[in-house]
There are 2 protein chains.
Amino acid sequence: MRIFCTPHSRSAHSSTSRQLTNMLEFDHSTTVGTTLYKEVKRRVLRALAAGEWKPGEAIPAEKKLCELFSVSIGTLRKAIDELVAENILIRHQGRGTFVSMHNREQQMFRFFNVANHDGTKSYPHLELIAFAKKKAGTLAVQKLRQPGSKVYEFTNVLSLQGAPVIVDDITVPDLLFVGLTEAVLRNRPNTLYSLYQVRFGISIIRIEERLRAVSADARYADLLHLAIGAPLLEVRRVAYSYDDQPVEWRISHINTEHHEYMAQAAHYS
Amino acid sequence: MRIFCTPHSRSAHSSTSRQLTNMLEFDHSTTVGTTLYKEVKRRVLRALAAGEWKPGEAIPAEKKLCELFSVSIGTLRKAIDELVAENILIRHQGRGTFVSMHNREQQMFRFFNVANHDGTKSYPHLELIAFAKKKAGTLAVQKLRQPGSKVYEFTNVLSLQGAPVIVDDITVPDLLFVGLTEAVLRNRPNTLYSLYQVRFGISIIRIEERLRAVSADARYADLLHLAIGAPLLEVRRVAYSYDDQPVEWRISHINTEHHEYMAQAAHYS
DNA sequence: AAGTGGTCTAGACCACTCT
DNA sequence: GAGTGGTCTAGACCACTTG
């Protein structure tokens, strides 16, 4: 007679879970209302957050993971499916499954929503115009959930087709970005988020943005070569890493005279 | 000896497909690079577009669909999975799988991205201030891909907490909205998109929006009780139905002094 | 109790990639 | 050819809903 695994029963399930403990610390706090494939997903995420598999590297083959987690191929694939859908892993048929990187051409524009009026996107030219380490302001503390800590604050001006279009005022917690300097920011070869990943091991998974229309004050008018009072698109962004941990807070001001912010909505709210 | 279905071989596959032809016309034009579950998904979509199963109704049980399409439960579920992920179907454990509706409370805010500064959303009060049938302008023709046709144009003013905040200038093709009148727009009980669905059989599946900051002209200043030149968020939206067919083109102007436009990005660009 | 969707299994064969 | 992910099967048991 066959003995079936009873995935919805906590007792039978936790015994399965225990076998996986050697991989990473077992954390009971997040083990509520779980199913086998969710549990597998959580393990993979934890391994990623711990740097067990690094961006660009392949993770073990599906069959290997089935043995490692003691689940069937169907269950394993359902877990991986979700991670692929969330852009955390990338599958290449015949090659393997890889941890997503941010420095690839195609990923370049993932979180860069500014386009020309015809919908095409161009590479921005970038200039760092300010850099400082200071105590976090109340707004930054709130957004980054890092009370009482210090932060790095720096400002980039992005130009498209030779004209300045965007001013980014960026704040990151110093505890996560140990060793960040002006030189590091100037010498990076790729995008800012690829620098975060390669240099500091921080992967940006998700962003939330709030948009408003404002009038240019003296500073923005100067930086963007506009008249004071000209309409600007203000974008306030919080960028999140694997555990929904906020790691960057930025305010962008965009001259939308010749460019647009592109948004889409299809899947759930 | 067992005979396996060879899903990737066209000859074996098309014989399977033929069995389904009684349901709807077989269309060879879209049968390229297909897999079994994609084919099943396409059949379901076609049935939905044909009105075979209507919004709010349950579609046949998974086991029934397995027999109908002659596929296994795993394949059937993979097809339905994608339709659920795209918000076209909704599954309720123990009850059935239903065609998505737009008039439910929870769906109310799906395409309504304007929120208070604290992130909460409120029901807008709505006033119809203009309605006309006219020849489509060049911009509307381009966005709606309906050359030479007539359109309905109407304008709504949306108020939040008693103050006017948004002006929506909306254009829809008359061929799809036969019988649209001012009275129909005034007497609708739910959202505009639920009216589209219930009254005209048009389901909005996806929207694309482009955002800019502009200065209020005399019309918007008047409607939104602002000074001329005040910064406004301009949102240009195209709304799409099942076959990626554009069915609505609207330009919104939003006073973001006390409200924000919320955007998110996580899944693929 | 009957019917529905949700999860899981164990294994098959296919298409693709790399060596 | 060996190894990878991609698709598909046939059936099991579970949790939930409704009569």
Side-chain angles (χ1 to χ4, degrees), chain A residues 1-13 15-17 32-42 44 53 57-85 89-100, chain B residues 1-13 15-17 32-42 44 53 57-85 89-100:
Chain A
M1 181 190 176
R2 287 229 36 239
I3 308 288
F4 279 93
C5 174
T6 59
H8 293 282
S9 130
R10 290 306 301 124
S11 55
H13 183 211
S15 74
T16 306
S17 305
V32 220
T34 218
T35 58
L36 232 195
Y37 82 89
K38 287 282 184 192
E39 185 64 32
V40 169
K41 183 183 174 187
R42 206 172 292 124
V44 174
W53 306 313
E57 287 179 11
I59 69 173
E62 296 186 342
K63 279 177 187 173
K64 292 271 172 60
L65 290 175
C66 289
E67 293 172 18
L68 178 60
F69 294 124
S70 309
V71 297
S72 79
I73 182 68
T75 303
L76 188 276
R77 277 187 66 82
K78 185 153 186 180
I80 302 296
D81 278 349
E82 292 200 354
L83 292 166
V84 168
L89 297 177
I90 300 176
R91 280 201 272 235
H92 291 290
Q93 186 171 5
R95 293 208 284 139
T97 303
F98 297 78
V99 184
S100 185
Chain B
M1 182 189 176
R2 288 227 36 239
I3 307 289
F4 279 92
C5 174
T6 58
H8 293 280
S9 129
R10 290 306 301 127
S11 55
H13 182 210
S15 74
T16 306
S17 304
V32 220
T34 218
T35 57
L36 232 195
Y37 82 90
K38 287 282 182 192
E39 185 65 32
V40 170
K41 182 182 173 187
R42 206 171 294 123
V44 174
W53 305 313
E57 288 180 10
I59 69 175
E62 297 187 340
K63 279 176 186 172
K64 292 273 173 57
L65 290 174
C66 289
E67 293 172 18
L68 178 59
F69 295 123
S70 308
V71 297
S72 79
I73 181 69
T75 303
L76 188 276
R77 278 187 64 83
K78 183 152 186 180
I80 302 295
D81 277 349
E82 292 199 355
L83 292 166
V84 168
L89 297 178
I90 300 176
R91 279 201 272 235
H92 291 291
Q93 186 172 5
R95 292 209 285 138
T97 303
F98 298 78
V99 185
S100 185

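As the structure is a computational prediction, the values presented were derived from the model and not from experiment. Order of the sequence lines fixes the chain letters, A, B, ..., with proteins taken first and strands second; residue numbering starts at 1 for each chain.
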Nearest whole Å is fine: how far is [N] [atom2] from [X] [atom1]?
X	N	atom1	atom2	value
A/I59	D/dG3	CD1	C1'	15 Å
A/I73	D/dT4	CD1	P	11 Å
A/E57	D/dT4	CD	C1'	17 Å
A/L83	D/dG5	CG	P	14 Å
A/F69	C/dA10	CZ	P	17 Å
B/L89	C/dG6	CG	P	11 Å
A/D81	D/dG5	CG	C1'	11 Å
B/E62	D/dG11	CD	C1'	14 Å

- Item | From B/E82 atom CD to B/I80 atom CD1, the distance as rounded to the nearest 0.5 Å |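 The distance works out to 10.5 Å.
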- Going from OG on B/S100 to CG on B/L83, what distance comes out if it is rounded to the nearest 0.5 angstrom? 11.0 Å
- Please list, chain by chain and in numerical order, all residues satisfying side-chain hydrogen bond (donor to acceptor under 3.5 Å, both in side chains) with B/K78, sequence neighbours excluded. none
- Looking for any heavy atom pair under 4.0 Å, which part of the strands does B/G96 touch: base, sugar-phosphate only, or nothing? sugar-phosphate
- Task: Check every strand shown and say whether A/I80 touches a base, only sugar-phosphate, or nothing at a heavy-atom separation below 4.0 Å.
- Result: nothing
For [N] and [X] - does any side-chain N or O of the residue sit under 4.0 Å from the phosphate oxygens OP1/OP2?
X	N	result
B/K63	C/dG3	no
B/T97	C/dG5	yes
A/S72	C/dG11	no
B/R77	C/dG6	yes
A/K78	C/dC8	no

- Winner on side-chain proximity to B/A61, out of C/dC8, C/dT4, D/dT9, is C/dT4
- Taking the side chain of A/L36 as heavy atoms from C-beta outward, which of C/dT4, D/dG6, C/dT9 is closest to it? C/dT9
- Considering all heavy atoms of both residues, which atom of B/A79 and which atom of B/Y37 are nearest to each other, and what is their separation? CB-O, 3.4 Å
- Between B/L76 and A/R91, name the one whose nearest nucleotide on DNA chain D is closer to the 5' end. A/R91
Please list every donor-acceptor pair under 3.5 Å in which a side-chain atom of residues 59-69 of chain A meets a protein atom from a residue at least two apart or in another chain.
| residue | atom | partner | partner atom | Å |
| --- | --- | --- | --- | --- |
| A/E62 | OE1 | A/R77 | NH1 | 3.2 |
| A/E62 | OE2 | A/R77 | NH1 | 2.8 |
| A/E62 | OE2 | A/R91 | NH1 | 3.4 |

Distances under 3.5 Å between protein N/O atoms and the N/O atoms of nucleotides 16-19 of chain D, please, pair by pair.
none

- For the residue pair B/V71 and B/E39, establish whether any side-chain heavy-atom pair is separated by less than 4.5 Å. no
- Item | B/L89 side chain reached by B/V99 side chain, heavy atoms, under 4.5 Å |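 Yes, at least one pair of side-chain atoms sits under 4.5 Å.
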